[in-house]
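Data block below; observations after.
Residue numbers start from 1 in every chain, and the chains themselves are labelled A, B, ... in the order their sequence lines are given, proteins ahead of strands.
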Number of protein chains: 2
Amino acid sequence: MADVARLAGVSAQTVSRVSNGEPNVVDTTRETVLRAMAELGYRPNSAARALKRGAFRAIGVITFTLATTGNVRTLEGIVASAAAQDHAVTLIPVDAPTQDAVRGAFTRAGELAVDAVIAIMETHLVGDAPAFFPPGVKVVVADSDDAGDRHPVVDTDQRAGARAAVEHLLGLGHATVHHVAGPEHSYAAQRRRDAWRATLEAAGRPVPGVLHGDWSPESGYALGLRLAEDPSCTAVFAANDQMALGILRAMHDRGRRVPDEVSVVGFDDVPEAASFIPPLTTIRQDFEQIGALCVERVLGQVRGDGPATGTTLVPTELVVRESTAPHRG
Amino acid sequence: MADVARLAGVSAQTVSRVSNGEPNVVDTTRETVLRAMAELGYRPNSAARALKRGAFRAIGVITFTLATTGNVRTLEGIVASAAAQDHAVTLIPVDAPTQDAVRGAFTRAGELAVDAVIAIMETHLVGDAPAFFPPGVKVVVADSDDAGDRHPVVDTDQRAGARAAVEHLLGLGHATVHHVAGPEHSYAAQRRRDAWRATLEAAGRPVPGVLHGDWSPESGYALGLRLAEDPSCTAVFAANDQMALGILRAMHDRGRRVPDEVSVVGFDDVPEAASFIPPLTTIRQDFEQIGALCVERVLGQVRGDGPATGTTLVPTELVVRESTAPHRG
DNA sequence: ATGGGCTATGTTTGCGTAAACATCGCCTCG
DNA sequence: CGAGGCGATGTTTACGCAAACATAGCCCAT
């Protein structure tokens, strides 16, 4: 910076003003400085800038895996939204899905060059980790629809989505709907399962035993084989599209035609869902909006004009494709 | 830091030594300091630290989209590997796949708190963008198997992978292999297409006209419908798994049985590939290793003990599943 | 026993920037 | 025509940390 100032024949402070786009600099001076900057290849040093300003203009994102569609697309929404508000995004990996590992990640985040942290994980993993935080760093949690009393929480409206799936199937004339749920410890899976059950009960339908998978297509296939054996099973709601894919294959392998004999609904609307055999009816989640809301909440806290708690639910959308059809009884 | 020093009754420098884990501190002193840190909730300020050290211990990753399996998994590999070497990862989004946008991203990266940059994109997009870089920041490019003379480049061995796919199909007795390629402007797509053609020519087989998709399942479906019309088409090599998925559905819709009548091979080995109908034979890419190599190369440059150019190709693996079978002619 | 070397700790200094305050010249208005 | 004010620019300072250098106490070998 001193070099630029010397070359431009001005003070360092004026260089600072130009580089920060402050208004009270005469145009000719500004241009001289800009030319000097270009000539010397000057870049502001962000460390010094952050040190002085006390802010990094960066958001940390803590997540366990990028292997799931939801996390990645949420992340993408966060990055896009943060970029629009001139903030960078720093990824903070968690080695294992344990509270200890998450606490470690939060500790690292506290020492990192970030002003705020978004955790994409379920509440029970977050636990009390944010308590170990420097007070200045703000936290928002995605993918957990409770704990809104401790941090702002943003999540898909799991209940409404699951209800829409079940009601769609009941509306097609199916007597009841079987459910292939996600892992038992997952809040999202629990929400979808509970809403599935509640919707059946509200409609006065029998509630079949629930099958728990692990979100993978393979688990969907294994459980799908069991459902295929059950002639009374004409409608299946899978807790995500990947398991639905496995179920489709199981039905195919067992000669149960979809949707003629069995209707299948997924959850997520992954990009491939429209190309499954047959194309999958599913519940679309708006991950981009989740990401955008996370950024809004967290920057609201940083600016001091946003709420520090409260849950925001993002609506879902039923996407009807060819894997569901009226029941032929 | 001064508060901690006062409470512990030592100098600020000793606090610094403790917080950096330097060895020449007596255990009792260290413990006193650690206790004072805990009591005051002290966190090192990373801005000041970076300012002093001249390094951020952070790597920037420039990429256009996280919507593709490859980019995400490469990113995941980068994050894991960077974390193992105590580096953070900052995402730098590119708004549009144009050289201008990429140049803008590199400019931002230059002002960001990063010591090095990894670009996950094809070379022709990177263009001369890194020339606008501060000299201190190092660059590595993934997903481009040329330009290794300007920066280190890490990429999947596209040619070997495509050759393995074609040879597998020829080995099953198919007279030739049709190809559904990626977009024409994509280097990766070009490499796979060229290797497909070269392998057919080397075997003295006829080279069918190439069909270009856009990587999406929908484009695979559209092109698959055309292939399904052609009774001479018994083997298809798709440039990625998503298009292969579309092809499988097209064959299914036209009553062309896979693999009995038509064999299909994909590229990537996405997690769903094993659950397609039928499970997809494909070329597995080792994205985690690509990510790890990117980090190694880039940190090697930062440390000054790594090469500044050169291409590293990561081998692929043929994964045989049920979508390919011997030709029945 | 005494010098030399070694370790633990303290002191000084500066990294690059921007806020706060200081200065300087010009314009306006009575 | 001069006081007052305002906008453009310069000067000083501190942000929090760690490198470099300084000091002080100790042990060992001669």
Of the listed nucleotides ([options]), which one gets closest to any side-chain atom of [X]?
| X | options | value |
| --- | --- | --- |
| K52(A) | dT9(D), dA18(C), dA18(D) | dA18(C) |
| S19(B) | dG10(D), dG16(D), dA18(D) | dA18(D) |
| Q13(B) | dC17(D), dA19(C), dA18(D) | dA18(D) |

Spatial distance of atom CG (D286(A)) from atom CG (D157(A)) [nearest 0.5 Å]: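 One finds 12.5 Å between CG of D286(A) and CG of D157(A).
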Distance, rounded to the nearest Å, where [X] contributes [atom1] and [N] contributes [atom2]:
| X | N | atom1 | atom2 | answer |
| --- | --- | --- | --- | --- |
| F56(B) | dG16(C) | CZ | P | 11 Å |
| M1(A) | dA19(C) | CE | P | 11 Å |
| D3(A) | dT17(C) | CG | C1' | 14 Å |
| R6(A) | dG16(C) | CZ | P | 12 Å |
| R57(B) | dC17(D) | CZ | C1' | 16 Å |
| R17(B) | dA8(C) | CZ | C1' | 8 Å |
| L51(A) | dA14(D) | CG | P | 14 Å |
| R30(A) | dG7(D) | CZ | C1' | 14 Å |

Residue pair V18(A), M37(A): steps toward the side chain to side chain contact (heavy atoms under 4.5 Å, CB included) verdict: CA-CA 10 Å; V18(A) 170; M37(A) 282 180 173; 4.3 Å; yes
Verdict with reasoning, Q99(A) to V102(A), per side chain to side chain contact (heavy atoms under 4.5 Å, CB included): CA-CA 5 Å; Q99(A) 283 204 13; V102(A) 172; 5.6 Å; no
Donor + acceptor pair across side chains of T63(B), N71(B) (<3.5 Å):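 There is such a pair between these side chains.
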Chi angles and distances behind the side chain to side chain donor-acceptor pair (under 3.5 Å) call for S19(B), R49(B): CA-CA 11 Å; S19(B) 102; R49(B) 198 171 258 196; 3.0 Å; yes
Look at the side-chain N and O atoms of [X] and state whether any lies under 4.0 Å from the OP1 or OP2 oxygen of [N].
| X | N | value |
| --- | --- | --- |
| T14(B) | dG10(C) | yes |
| N45(B) | dC15(D) | no |
| R49(A) | dA18(C) | yes |

Remember a base hit wins even if backbone is also touched, and classify [X] as base, sugar-phosphate or nothing at under 4.0 Å, heavy atoms.
| X | result |
| --- | --- |
| V25(A) | sugar-phosphate |
| N24(B) | base |
| V15(B) | nothing |

Closest-nucleotide ordering on DNA chain C, the 5'-leading residue of T29(B) and R53(A):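 Result of the comparison: T29(B).
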Under-3.5 Å donor-acceptor pair between R43(A) side chain and dG16(C) base: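 It does not, because no donor-acceptor pair links the side chain of R43(A) to the base of dG16(C) below 3.5 Å.
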Earlier contact from the 5' end, DNA chain D, for Y42(B) and A12(A):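 Result: A12(A).
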